Amino acid sequence: MQVAPGAFHFKGYLSIERQRQLADCCRELMDGDPPGYVPVVRGGGRMHVRMLCLGRHWNGKTYRYERSRTDHDQLAVPPLPAAFGDLARGVAAAAGMELDADICILNYYDRDGRMGLHRDQDETERSVAAGVPVVSISLGDTARFLFGGLRRRDPIDAVLLESGDAFVFGGAARLRYHGVSRILPATAPSELHIAGRYNLTLRRYDLA
Ligand SMILES: O=C(O)CCC(=O)C(=O)O
């Protein structure tokens with residue numbers, strides 16, 4: 001369903017079996033080598049998520065992408081699994097867009113997890129200006145997702161993102177403010193064995 005020009009919410013996009021496979025994969029990645037960590041951002045604040053970047057690392061101190069985690073442990077960034085790229089392509093196509101993703105930011109929210117209102121603008125200017133979409137996939141507990149406008153002070157809608165939902169924002173919506181105000185604990189499908197929520201955002205750093 002289109003929620004705004006360039007923004008789409010696909011409820012129940014993933015079957016429970018695909019959610020289970022993807023959740024297993026997220027768990028392995030988050031607890032793998034290198035593991036996810038809680039970034040400290042430029043003002044010195046700790047984020048309220050555990051983060052693992054694939055393909056390229058988003059540096060919370062510089063707000064730039066890089067090949068190794070220079071704001072944390074210097075380790076190399078794991079590659080983006082091909083299956084994540086395929087998933088992103090399919091969701092983008094359902095929204096009538098194209099995405100050849102080369103980055104995934106995987107976030108884990110515990111019951112107190114949240115993310116402040118922000119714009120995704122750290123991919124290259126070319127990629128952002130072309131409106132190449134960001135594809136978001138939710139697994140586990142429901143999130144209260146905030147979706148605003150192009151200016152911070154624009155009105156904000158609250159959207160519940162449930163496990164298996166996909167959300168896309170590209171084109172005219174690419175630079176809309178968004179965030180997560182809260183997690184609704186214990187709402188994850190029991191088959192997933194998740195306490196909390198994984199969110200994957202799939203992105204394109206630059207145009208070829
Ligand atoms: O968790 C979400 O649904 C949103 C994540 C997000 O805004 C981001 O990773 O930039």
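Note that the structure is a prediction, hence the values are computed from the model and not measured. Note that ligands are numbered from 1 as they come in the structure, with each ligand's atoms numbered from 1 the same way.
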(message) Checking D71 against R42 for the salt bridge (Lys or Arg N to Asp or Glu O under 4.0 Å) test, could you report, in this order, the C-alpha distance in whole Å, the side-chain angles of both residues, the deciding distance, and whether it holds?
(response) CA-CA 10 Å; D71 58 330; R42 359 187 216 236; over 6 Å; no
(request) Spell out, as yes or no, whether a donor-acceptor pair under 3.5 Å connects the side chain of R174 to the backbone of D120. (result) yes
(message) As a test of understanding, state which of L106, L29, I137 forms a side chain to side chain contact (heavy atoms under 4.5 Å, CB included) with F84.
(response)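 Only one option passes, and that is L29.
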(request) Give every residue pair that meets the salt bridge (charged side-chain N to carboxylate O under 4.0 Å, His left out) criterion with at least one member in residues 80-106, sequence neighbours excluded. (result) D86-R89, R89-D100, D100-R204, D102-R204
(request) Decide whether H48 and D112 meet the rule of one side-chain donor and one side-chain acceptor closer than 3.5 Å. (result)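 No, no side-chain donor-acceptor pair sits under 3.5 Å.
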(request) Hey, could you give me the OG/CG distance between S138 and L14, rounded to the nearest 0.5 Å? (result)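 S138 atom OG to L14 atom CG measures 9.5 Å (nearest 0.5 Å).
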Protein N/O near ligand 1 N/O, under 3.5 Å, which pairs?
{"from": "ligand 1", "atom 1": "1 (O)", "to": "Y109", "atom 2": "OH", "distance (Å)": "2.5"}
{"from": "ligand 1", "atom 1": "1 (O)", "to": "R197", "atom 2": "NH1", "distance (Å)": "2.8"}
{"from": "ligand 1", "atom 1": "1 (O)", "to": "N199", "atom 2": "OD1", "distance (Å)": "3.3"}
{"from": "ligand 1", "atom 1": "3 (O)", "to": "R197", "atom 2": "NH1", "distance (Å)": "3.4"}
{"from": "ligand 1", "atom 1": "3 (O)", "to": "R197", "atom 2": "NH2", "distance (Å)": "2.9"}
{"from": "ligand 1", "atom 1": "3 (O)", "to": "N199", "atom 2": "ND2", "distance (Å)": "3.4"}
{"from": "ligand 1", "atom 1": "7 (O)", "to": "H118", "atom 2": "NE2", "distance (Å)": "3.2"}
{"from": "ligand 1", "atom 1": "7 (O)", "to": "H178", "atom 2": "NE2", "distance (Å)": "3.1"}
{"from": "ligand 1", "atom 1": "9 (O)", "to": "N107", "atom 2": "ND2", "distance (Å)": "3.3"}
{"from": "ligand 1", "atom 1": "9 (O)", "to": "R203", "atom 2": "NH2", "distance (Å)": "3.4"}
{"from": "ligand 1", "atom 1": "10 (O)", "to": "H118", "atom 2": "NE2", "distance (Å)": "2.8"}
{"from": "ligand 1", "atom 1": "10 (O)", "to": "D120", "atom 2": "OD1", "distance (Å)": "3.2"}
{"from": "ligand 1", "atom 1": "10 (O)", "to": "R203", "atom 2": "NH2", "distance (Å)": "3.1"}

